[in-house]
Amino acid sequence: MLITGASSGIGAACARRFAAQGAHLVLWARRRERLERLAQELRDAHGVHVSIAQVDVRDRAAVQQAAHTLVKGGAVPDVLLNNAGLASGLSKLHEGDYEDWDRMIDTNIKGVLNVTRELLPHMVARRTGHVVNIGSTAGHMVYPGGNVYNATKYALRALNEGMNLDVAGTAIRVSSVDPGFVETEFSEVRFHGDVERAKAVYQGFKPLSADDVADAISYVVNLPEHVNVLDMVLMPTAQRNVYVVDRDGV
Ligand SMILES: NC(=O)c1ccc[n+]([C@@H]2O[C@H](COP(=O)([O-])OP(=O)(O)OC[C@H]3O[C@@H](n4cnc5c(N)ncnc54)[C@H](OP(=O)(O)O)[C@@H]3O)[C@@H](O)[C@H]2O)c1
């Protein structure tokens, strides 16, 4: 199984979850030391094979190189988890920052395309495999200041459906798992390192944990081969849509 964005949050929780189930893992992210530490932890705890690579999914050449290494080593993953992604900023569109926009579009859309384009052909050749894309409730409904992040997750939903159609005739499954609020480093990244502002996002209600999302992904991946979840939306109970959250209840 290949997990992009495995150095933190949902990706790291999935690495732990699937290693505990005995899966051999390939972990990609930009922060190499974090991957090294996680890989060692999982090898020690579960005796699984874990390989890592420092890959920025926006860097097409780096993705091609890392994918080539896997293919050459006979380690084409049977499950690809397209998880690497981020929100950057929460500005009104007319006040938006071009660098934030590029970062989100290049990671959340083009990054997924770069990785999928390199690995999916090998699944198609084997006529089996599973691509799981991490979307978001932000891909189902827009919210104030979400604009470009929303657009990237709407795009991902279209790509998820498109991929699913294009592998018709094979046994390949294509799924999107779309969470609402999950407490990870996501908001710290969105607010460019402003920890206090990030914490406030999750105050007054119980958000999902990265483990909750890993549970859902594990369910989707471990279903029998003839069962495909095309799109799963999960939210904290206190969250009723993308921006209606009961911050005093539950
Ligand atoms: N948290 C939420 O509320 C929430 C809700 C819905 C959907 N999501 C989605 O869930 C996914 C995971 O986010 P998270 O909540 O787990 O946040 P996180 O804790 O910030 O983790 C994001 C991961 O993506 C990696 N990443 C970011 N840019 C990358 C790049 N250019 N190349 C390779 N890896 C990159 C990061 O690793 P490095 O920095 O080491 O590269 C990190 O491992 C994202 O797609 C996000 O949009 C999150």
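Just follow the structure's listing: the first ligand is 1, and inside any ligand the first atom is 1. Atom set for the values below is all heavy atoms of this structure, side chains included, hydrogens, waters and symmetry mates excluded.
- Closest to atom 46 (C) of ligand 1, if we only count protein heavy atoms, is Y149 OH, 3.8 Å.
- The protein atom (non-hydrogen) at minimum distance from atom 37 (O) of ligand 1 is S7 OG, 2.8 Å.
- No side-chain heavy atom of D59 sits under 4.5 Å from any side-chain heavy atom of N114.
- Distances between N or O atoms of V189 and those of ligand 1 include no value under 3.5 Å.
- Looking at L80 and V131, their side chains come closer than 4.5 Å, going by heavy atoms from C-beta outward.
- Summarising the geometry, atom CG belonging to L156 is positioned 9.5 Å from atom OG belonging to S136; distances are rounded to the nearest 0.5 Å.
- Other residues, nucleotides and ligands contribute only 12 or fewer heavy atoms inside 6.0 Å of the CZ atom of R60.
- Here the CG-OH distance, from L90 to Y149, works out to 11.5 Å after rounding to the nearest 0.5 Å.
- Considering each of L208, N108, I134, T184, the one bringing a non-hydrogen atom nearest atom 10 (O) of ligand 1 is I134.
- Taking a cut-off of under 4.0 Å to the non-hydrogen atoms of V55, the atoms of ligand 1 that pass are 32 (N), 33 (C).
- Looking at G5 next to ligand 1, an N or O pair under 3.5 Å apart turns up.
- From the protein, the heavy atom lying nearest to atom 5 (C) of ligand 1 is G180 O, 3.1 Å.
- Between atom 7 (C) of ligand 1 and the options A29, P236, G135, A138, the minimum heavy-atom separation is to G135.
- The distance criterion of under 3.5 Å between nitrogen or oxygen atoms is met by V57 with respect to ligand 1.
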**OP:** Test side chain to side chain contact (heavy atoms under 4.5 Å, CB included) on V177 and I10 and set out the steps.
**Re:** CA-CA 11 Å; V177 175; I10 296 168; over 6 Å; no
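- When each atom of ligand 1 is checked for a heavy atom of G9 under 4.0 Å away, the hits are 16 (O), 19 (O).
- The atoms of ligand 1 that sit less than 4.0 Å from any heavy atom of G85 are 22 (C), 24 (O), 44 (C), 45 (O).
- In this structure the side chain of V167 never reaches within 4.5 angstrom of the side chain of M123, judged on heavy atoms.
- Put simply, CG on D78 and CD1 on I172 are 11.5 Å apart, with the number rounded to the nearest 0.5 Å.
- In this structure, S176 and R157 have side chains that are not in contact, with every pair of non-hydrogen atoms separated by 4.5 Å or more.
- The local environment of CZ in R117 is sparse, with at most 12 non-hydrogen atoms from other residues, nucleotides or ligands closer than 6.0 Å.
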Subject >> Worked verdict on S7 versus L38 for side chain to side chain contact (heavy atoms under 4.5 Å, CB included) >> reply: CA-CA 8 Å; S7 60; L38 178 59; over 6 Å; no
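- Taking 4.5 Å as the limit, every side-chain heavy atom of V182 sits out of range of all side-chain heavy atoms of D212.
- Residue S8 has at least one nitrogen or oxygen atom sitting less than 3.5 Å from a nitrogen or oxygen atom of ligand 1, judged on distance alone.
- Short contacts between ligand 1 and P179, defined as distances under 4.0 Å to a heavy atom of the residue, involve ligand atoms 5 (C), 6 (C), 7 (C).
- Among all non-hydrogen protein atoms, the one lying nearest atom 48 (C) of ligand 1 is F186 CD1, 3.9 Å.
- Looking at ligand 1, you won't find any N or O of T137 less than 3.5 Å from one of its N or O atoms.
- Those atoms of ligand 1 that come under 4.0 Å of a heavy atom in D56, given as number and element, are 30 (C), 31 (N), 32 (N).
- Considering only non-hydrogen protein atoms, atom 3 (O) of ligand 1 sits nearest to V182 N, 2.9 Å.
- Looking at ligand 1, you'll find an N or O of E185 within less than 3.5 Å of one of its N or O atoms.
- The shortest N or O to N or O distance between K153 and ligand 1 is below 3.5 Å.
- Proximity to R58 (heavy-atom distance under 4.0 Å) selects the following atoms of ligand 1: 31 (N).
- Taking any N or O of I10, backbone or side chain, at least one lies under 3.5 Å from an N or O belonging to ligand 1.
- Taking the side chain as every heavy atom from C-beta outward, H192 and S88 approach each other to under 4.5 Å.
- Atom CG of N150 sits about 5.5 Å away from atom OH of Y143, to the nearest 0.5 Å.
- Counting protein heavy atoms only, atom 44 (C) of ligand 1 is closest to N83 O, 3.3 Å.
- The closest protein non-hydrogen atom to atom 27 (C) of ligand 1 is R30 NH2, 3.4 Å.
- The nearest heavy-atom contact from the protein to atom 34 (N) of ligand 1 is A84 CB, 3.5 Å.
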